[in-house]
Amino acid sequence: MKLTTLALTTLVFTTVTLHAEPEIKGTASELTEHLKSIPRTVQLIGEGEVKASADRAVMSIRVVTENKSLQEASRVNQELRAKMLRVLAEKGIPAERVKASRFSSTPKYGLFGEKAKSYRVDNVVKITTHDEKEFQAVANLVDATPEFRHDSIEFEHSDKDGLKKKALDQAIDKAAEKKRLYEEKLGVKLTVKSFEEGRAVAVTELGSRRAYSGSAMKSGYAPESVGAPVRTGEVGEADLPTSFDELVFKARVTVEYAVESK
C-alpha cells in the first residue's frame, strides 16, 4: 500500500514539473539582456468628433392606394404621384429631386376563398429638400393628402467626406498626443508597429437619442449612421423633427507601439 502511494505521488510531481515554466539561468547582465529582448507593446486609442448642421434632408413619402381592382389602384397611385410632382414644382422643388425608390402591390384576401378582395399599391418617393421652406412644403403635402404617408428622413451633409476626414485627423492627433505623453513621463521610446482605423460614421443628434416617424408607421428601427432611414413604432406628429438636425461625425484609431528604452 505504501509503495502504491509513493508511486502516485511521484507521478503527480512529474506531471506538474512537465507543465511548469522553463527555468531561467544566467548572470545578472545576461538576465538584463534577456529581458530587453522580450517584445513589449502598448496600444493607444484616439477618437475624433466633428459636428455640423445638415444641409439637406431626404424625406421618404409612401403613396398608398387601395382598390378592388389592381389596375385602378395602380392608376390612382400614379395620378397622386403626378399631383405630388406638380405641387412640389410650385414650391420650388424640381422633378430631378423627386425619385421613386420602392414599389409593391399586396393582395388582400377574405377569410374564405382564393380570390383577392382588394389590392394595395405602395410607392415610396424620396424627396431631397435643401432648406426649412422646402422641408415644410413636403410636410404640408403629407398633412393635406391622406394617401401620402411619412416614411422616414435621412439627414445629410454635402461635404460628408471632408467632415469624416476632419474627425479622423482629430483621432490620429489624439493618439499621437498620448504617445508623446507616455514618452515624456515614462522615459521610453514608442515606435509604431501597426494601426487599425475604425469606420468613420455620422450620426444625428436626434437619432442618437431617439428615432422618429410618421403616425402611419407601425414597424420600425433606428439607424447606426446617417444614410439609413430613421423610423420607429407608431408615434404622433409631435415626435417629428421640425428642423434640420445636427450631424456628428465620429472616427476612431487604434495604434500599436513597440516600447523601447531611450
Say whether, by atom type as modelled, one donor and one acceptor occur between the side chain of Ser69 and the main chain of Gln71 under 3.5 angstrom.
yes
Is there a chain of hydrophobic side chains (I, L, V, M, F, W, Y, each step under 4.5 Å between heavy atoms) that links Val124 to Leu141?
no
Treating Arg97 as the side-chain partner and Thr128 as the backbone partner, does any N or O pair qualify as donor plus acceptor under 3.5 Å?
yes
Taking the side chain as every heavy atom from C-beta outward, state whether Val188 and Tyr257 have any atom pair closer than 4.5 Å.
no
Salt bridge Lys179-Glu183, side-chain N to carboxylate O under 4.0 Å:
yes
Closest non-hydrogen atom pair between Ile153 and Ala57, with its separation:
CG2-CB, 4.2 Å
Would you name the heavy atoms of Lys164 and Phe249 that are closest together and state the gap between them?
CG-CD2, 3.7 Å
For Arg56 and His157, what are the C-alpha separation, side-chain angles and deciding distance, and is it a side-chain contact (heavy atoms from CB on, under 4.5 Å)?
CA-CA 6 Å; Arg56 64 190 179 203; His157 197 284; over 6 Å; no
Charged N to carboxylate O below 4.0 Å: is that the case for Arg180 and Glu184?
no
In Å and rounded to the nearest 0.5 Å, what is the NZ to NZ distance from Lys117 to Lys68?
9.0 Å
Is Lys51 close to Leu247 at the side-chain level, that is, under 4.5 Å between some pair of heavy atoms?
no
Minimum side-chain heavy-atom gap Gln170-Val50 below 4.5 Å
yes
Cluster question for you: counting only ILVMFWY and a side-chain heavy-atom cut-off of under 4.5 Å, with indirect links fine, are Val42 and Val192 together?
yes
Is any side-chain heavy atom of Val255 less than 4.5 Å from a side-chain heavy atom of Gln43?
no
Donor-acceptor pairs are to be reported for all side-chain atoms of residues 171-178 against protein atoms at under 3.5 Å, with residues two or more places apart or in another chain.
| from | atom 1 | to | atom 2 | distance (Å) |
| --- | --- | --- | --- | --- |
| Lys174 | NZ | Glu47 | O | 3.4 |
| Lys178 | NZ | Ile45 | O | 2.6 |

Rounding to 0.5 Å, atoms NZ (Lys91) and OG1 (Thr129) come to a distance of 14.5 Å
side-chain contact (heavy atoms from CB on, under 4.5 Å) assessment of Leu44 paired with Leu190
CA-CA 11 Å; Leu44 301 182; Leu190 301 183; 4.3 Å; yes
How close do Ala144 and Pro146 get, heavy atom to heavy atom, and via which atoms?
O-CD, 3.9 Å
Once rounded to the nearest 0.5 Å, what's the spacing between atom CZ of Arg62 and atom OG of Ser101?
8.5 Å
Flag yes if Met84 and Val58 sit in one hydrophobic cluster, no otherwise; membership is Ile, Leu, Val, Met, Phe, Trp, Tyr, and two members link when side-chain heavy atoms are under 4.5 Å apart.
no
Hydrophobic cluster membership, Val63 vs Val98, 4.5 Å side-chain cutoff:
yes
Quick one, Arg75 with Glu79, criterion salt bridge (charged side-chain N to carboxylate O under 4.0 Å, His left out). Give me CA distance, side-chain angles, the key distance, then yes/no.
CA-CA 6 Å; Arg75 185 190 65 78; Glu79 286 184 356; 2.4 Å; yes
Output, in order, the C-alpha distance, side-chain angles, deciding distance and verdict of side-chain contact (heavy atoms from CB on, under 4.5 Å) for Leu168 and Val253.
CA-CA 8 Å; Leu168 182 58; Val253 294; 3.6 Å; yes
Could you go through the side chain to side chain donor-acceptor pair (under 3.5 Å) check for Ser118 and Glu66 one step at a time?
CA-CA 7 Å; Ser118 63; Glu66 188 171 340; 3.1 Å; yes
CG (Leu186) and CG (Leu181) are apart, to the nearest 0.5 Å, by 8.0 Å
Under the side chain to side chain contact (heavy atoms under 4.5 Å, CB included) test, which residues partner Thr191, sequence neighbours left out?
Lys189, Glu260
Is there a donor-acceptor pair closer than 3.5 Å between any side-chain N or O of Ser105 and the backbone N or O of Val121?
no
Check whether any side-chain heavy atom of Glu134 sits under 4.5 Å from a side-chain heavy atom of Gln136, and report yes or no.
no
Above 12 or not: heavy atoms from other molecules or residues under 6.0 Å from NZ of Lys250?
no
Heavy-atom nearest pair, Ala73 first then Tyr119, reads CB-O, 3.9 Å
Under the criterion side chain to side chain donor-acceptor pair (under 3.5 Å), I'd like the reasoning laid out for Glu256 against Ser194: C-alpha separation, chi angles, the key distance, then a yes or no.
CA-CA 5 Å; Glu256 184 178 22; Ser194 63; 3.0 Å; yes
Linking I/L/V/M/F/W/Y whenever any side-chain heavy atoms sit under 4.5 Å apart, do Leu80 and Leu70 land together?
no
Starting at CG of Asp122, measure out to CD of Glu147 and round the result to the nearest 0.5 Å.
12.0 Å
Which is it for Arg40 and Ser261 under the side-chain contact (heavy atoms from CB on, under 4.5 Å) test, yes or no, and what are the steps along the way?
CA-CA 10 Å; Arg40 293 175 294 171; Ser261 299; 3.8 Å; yes
Do the side chains of Arg120 and Val64 get nearer than 4.5 Å, heavy atoms only?
yes
Looking at side-chain heavy atoms only, is the closest gap between Arg252 and Glu197 below 4.5 Å?
no
Looking at Leu163 and Ala52, what are the two nearest heavy atoms and their distance?
CD1-CB, 3.7 Å
Thr41 (side chain) donor-acceptor with Ala258 (main chain) under 3.5 angstrom
no
Counting only heavy atoms not in Glu72, do more than 12 sit closer than 6.0 Å to its CD atom?
yes
Phe155 side, atom CZ; Ser53 side, atom OG - distance, nearest 0.5 Å
11.0 Å
Identify whether the distance between the nearest side-chain nitrogen and carboxylate oxygen of Lys165 and Asp161 falls below 4.0 Å.
no
Go through the side-chain N and O atoms of Asn77 and Thr65 and say whether any donor and acceptor fall under 3.5 Å apart.
yes
For the residue pair Ile61 and Asp151, establish whether any side-chain heavy-atom pair is separated by less than 4.5 Å.
no
